[in-house]
Asker: 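The structure that follows is given in the form of structure tokens.
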Amino acid sequence: MKQFLILFSCIILSTKSNTLKAQTVTMPIKWKVGQTFRYELKHKGIGSMMMEEFNSNKAFQIKVLSQNAKSDSSYIIEWRYISFVTFMTDTLKEEFAVAEKKFILKTPFRFRLDKKGKWQNFADTTDIKRQMIDFYKIERKTAREPGGFDFKISQINEWENFGEYLDAILPEIKVFYSAYDLFPASVAMKKDTIETFNDYILEYNKMVSIPKILSSTSKYINPNLLKISNFEKLNESALKKYFSESTRAAWDKMKLKKDNPARVANEKMLDDFQPKLSNNYEALFDNQSSTPIKFDYLKEEWMMLRGGSSWYYSFKRL
């Protein structure tokens, strides 16, 4: 599993490309202290482990709290949830998830962005960590299953980088600001590259190279509206070949014979399985406010025979 996670750290160790230099578009940040923007989010997740589809609907307000006036100008942003409806909190009504929702709705989350609107880090993590633990200790007193709260409090205490914990429970915050990673945006670009990573199936020290397609377009619909599309995907036929050959070689290494009933069943599954790894971004920016009016992001990670997921985020300014 550790090797699998390393693969998705997206560290490209070696990249070859064949492309023409593309013209790019930038968008200066024009935020002012005190400005607020409101958004709704529709989030859908599909995971093969549970074979379930999980939907959530949220709304939030962003406020520009401060700006560093130095040459390395950066911003402090406050993010407050207005509504928070998820599968766990409002369908299953799982006890801890409901308590977590209460904390999230009452807590402002602050973070830093650089002068280009790109993510830096969460702020005030020590205070939020303390507030969260204190809140769960109070909720535990009236909980039907206090053991669940004990486990979460212990988990939070042991988390060294609490910003990573916030990112795990509220992934949409960093996903939203990934819209600014699209800049500088190419007017029209298509590029073939090679992505090289460790063989996470058979022999980790061995390197694997898979062709990768990158494409990007951007255009002004009118003087104030900029539309950007960005797509990256590993070649599916090459990925299928690598995955199938390495998986079968791993079974052979385990001395799992071809007539073994378990292998026969898995062979059928392997034949039907198409591994995928792709990211697709669609954004519509308001040039006057330097904010997205609409931002859609689809991430597909199907890189294990019995595990994978697709995550879709759709943000719309209110």
Side-chain angles (χ1 to χ4, degrees), residues 29-45 53-67 75-113 117-125 127-136 138-139 152 156 162-180 225 281-286 288-299 311-318:
I29 300 299
K30 304 171 184 176
W31 300 333
K32 296 180 180 178
V33 174
Q35 271 189 304
T36 60
F37 307 97
R38 288 191 169 197
Y39 289 86
E40 65 176 4
L41 163 64
K42 295 185 183 299
H43 179 206
K44 179 183 293 185
E53 182 173 311
F54 300 100
N55 299 328
S56 63
N57 294 283
K58 304 174 185 179
F60 56 91
Q61 176 179 281
I62 296 167
K63 183 176 183 179
V64 182
L65 290 184
S66 64
Q67 180 182 10
Y75 296 89
I76 300 292
I77 305 295
E78 179 186 84
W79 177 299
R80 284 183 178 269
Y81 284 93
I82 301 166
S83 64
F84 195 94
V85 178
T86 73
F87 179 79
M88 295 295 289
T89 59
D90 292 74
T91 302
L92 290 184
K93 298 186 185 298
E94 194 274 330
E95 186 176 38
F96 181 80
V98 171
E100 186 176 63
K101 172 181 176 175
K102 287 169 61 178
F103 179 82
I104 289 170
L105 283 172
K106 79 181 190 70
T107 304
F109 298 93
R110 299 182 180 94
F111 44 85
R112 298 177 182 86
L113 304 175
K118 298 184 180 184
W119 179 267
Q120 290 189 312
N121 55 270
F122 279 103
D124 305 329
T125 52
D127 288 342
I128 292 180
K129 182 176 183 177
R130 175 182 51 78
Q131 293 167 17
M132 185 179 285
I133 290 173
D134 291 345
F135 177 81
Y136 291 152
I138 294 172
E139 292 290 309
K152 284 293 184 179
I156 293 167
F162 193 65
E164 292 179 355
Y165 181 81
L166 293 177
D167 186 34
I169 65 172
L170 302 171
E172 58 268 14
I173 297 179
K174 285 179 70 173
V175 168
F176 178 80
Y177 283 98
S178 69
Y180 292 90
L225 292 180
Y281 303 83
E282 295 279 347
L284 182 64
F285 276 93
D286 174 9
Q288 288 188 323
S289 63
S290 309
T291 58
I293 293 176
K294 197 172 189 312
F295 176 48
D296 295 333
Y297 171 54
L298 172 63
K299 184 177 187 67
W311 296 101
Y312 175 66
Y313 296 81
S314 182
F315 300 90
K316 184 179 179 181
R317 204 170 74 186
L318 298 174

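The structure presented is a predicted model; accordingly, all values stated were derived computationally and were not measured. Quick note: residue numbers are just sequence positions, from 1.
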Asker: As a test of understanding, state which of W119, F122, F60, Y39 forms a ring pair (Phe, Tyr, Trp, His ring centres under 6.0 Å) with W79.
Answerer: F60
Asker: Closest approach of F315 and V175, non-hydrogen atoms and distance?
Answerer: CE1-CG1, 3.9 Å
Asker: Set out, in order, the CA-CA distance, both residues' side-chain angles and the distance that settles side chain to side chain contact (heavy atoms under 4.5 Å, CB included) for F37 and D286, then state yes or no.
Answerer: CA-CA 12 Å; F37 307 97; D286 174 9; over 6 Å; no
Asker: Dump the intermediate steps for side chain to side chain contact (heavy atoms under 4.5 Å, CB included) on D296 and Y313, then the final yes or no.
Answerer: CA-CA 6 Å; D296 295 333; Y313 296 81; over 6 Å; no
Asker: Please answer whether the main-chain N or O of A59 pairs with a side-chain N or O of S83 as donor and acceptor at a distance below 3.5 Å.
Answerer: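 Between the backbone of A59 and the side chain of S83 there is a qualifying donor-acceptor contact (under 3.5 Å).
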Asker: Determine, for E172 against K58, whether the closest basic-nitrogen to carboxylate-oxygen distance falls under 4.0 angstrom.
Answerer: yes
Asker: Does a side chain donor of either R80 or Q61 reach within less than 3.5 Å of an acceptor in the other side chain?
Answerer: no
Asker: Do Y177 and F111 have side chains that approach each other closer than 4.5 Å (heavy atoms only, starting at C-beta)?
Answerer: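 Yes, close enough: below the 4.5 Å cut-off.
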Asker: Do side-chain atoms of W31 reach the backbone of S290 as a donor and acceptor pair under 3.5 angstrom?
Answerer: yes
Asker: Within a strict 4.5 Å, meaning less than it, do heavy atoms of the R38 and I82 side chains meet?
Answerer: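 A side-chain contact exists here, since the closest heavy-atom pair is under 4.5 Å.
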Asker: Could you check whether any side-chain N or O of T107 sits under 3.5 Å from a backbone N or O of I104, counting only pairs where one atom can act as donor and the other as acceptor?
Answerer: no
Asker: In this structure, are over 12 heavy atoms from other groups packed under 6.0 Å from K63 atom NZ?
Answerer: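 Counting other residues, nucleotides and ligands, NZ of K63 stays at 12 neighbours or fewer.
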Asker: Could you state the interatomic distance from CG (L166) to CD1 (I169), rounded to the nearest 0.5 Å?
Answerer: 5.5 Å
Asker: For residues S178 and Y281, report the shortest heavy-atom separation together with the two atoms involved.
Answerer: OG-CE2, 3.9 Å
Asker: If you define the side chain from C-beta out and look only at heavy atoms, does anything of L41 sit under 4.5 Å from F176?
Answerer: no
Asker: Is it the case that over 12 heavy atoms from other parts of the model lie below 6.0 angstrom from the NZ atom of K106?
Answerer: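 Yes, the 6.0 Å shell around NZ holds more than 12 heavy atoms from other groups.
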Asker: So do the side chains of F87 and L92 get within less than 4.5 Å of each other, counting heavy atoms only?
Answerer: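 Yes; the side chains approach each other to less than 4.5 Å.
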Asker: Heavy atoms, side chains only, cut-off 4.5 Å: are R110 and L65 in contact?
Answerer: yes
Asker: Is K129 paired with D127 through a side-chain N to carboxylate O contact shorter than 4.0 Å?
Answerer: no
Asker: Any chance the rings of F295 and F285 have centres within less than 6.0 Å?
Answerer: no
Asker: Closer than 4.0 angstrom, basic N to acidic O: yes or no for K152 and E100?
Answerer: no
Asker: Looking only at non-hydrogen atoms, find the nearest pair between V33 and Q67 and report the distance.
Answerer: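 The answer is CG2-N, 3.9 Å.
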Asker: Measuring from I293:CD1 to L284:CG, what's the distance to the nearest 0.5 Å?
Answerer: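 Taking CD1 in I293 and CG in L284, the distance rounds to 5.0 Å.
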Asker: How many angstroms lie between CD1 in I173 and CD1 in I62, if you round to the nearest 0.5 Å?
Answerer: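 It comes to 9.0 Å.
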Asker: Ignoring hydrogens and geometry, is there a side-chain-to-backbone donor-acceptor pair from K101 to F84 under 3.5 Å?
Answerer: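 At least one qualifying donor-acceptor pair exists.
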Asker: Apply side chain to side chain contact (heavy atoms under 4.5 Å, CB included) to residues T89 and E94 and explain how you reach the verdict.
Answerer: CA-CA 6 Å; T89 59; E94 194 274 330; over 6 Å; no
Asker: Identify the heavy atoms of A99 and F135 that sit nearest to each other, and give their distance.
Answerer: O-CE2, 3.3 Å
Asker: Can you establish whether the number of heavy atoms outside K30 located under 6.0 Å from its atom NZ is more than 12?
Answerer: yes
Asker: Find the distance between CG (L298) and CH2 (W311) and round it off to the nearest 0.5 Å.
Answerer: 12.0 Å
Asker: What verdict does the side chain to side chain contact (heavy atoms under 4.5 Å, CB included) test give for F109 and I128, after you've listed the backbone C-alpha separation in whole Å, the side-chain angles of each residue and the deciding distance to 0.1 Å?
Answerer: CA-CA 8 Å; F109 298 93; I128 292 180; 3.9 Å; yes
Asker: CD of Q35 to OH of Y75: how many Å apart, nearest 0.5 Å?
Answerer: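 Here the rounded value is 9.0 Å.
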Asker: Show the nearest heavy-atom pair for residues L113 and I77, with the distance to one decimal.
Answerer: CD1-CG1, 3.5 Å
Asker: At what distance, to the nearest 0.5 angstrom, does CG of L318 lie from CD of E40?
Answerer: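 Between atom CG of L318 and atom CD of E40 there are 5.0 Å.
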Asker: If we count only N and O atoms by modelled type, under 3.5 Å, do the side chains of Y136 and Q131 hold a donor and an acceptor together?
Answerer: no
Asker: Between R317 and S289, does any side-chain donor sit less than 3.5 Å from a side-chain acceptor?
Answerer: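 Indeed, the side chains of R317 and S289 share at least one donor-acceptor pair under 3.5 Å.
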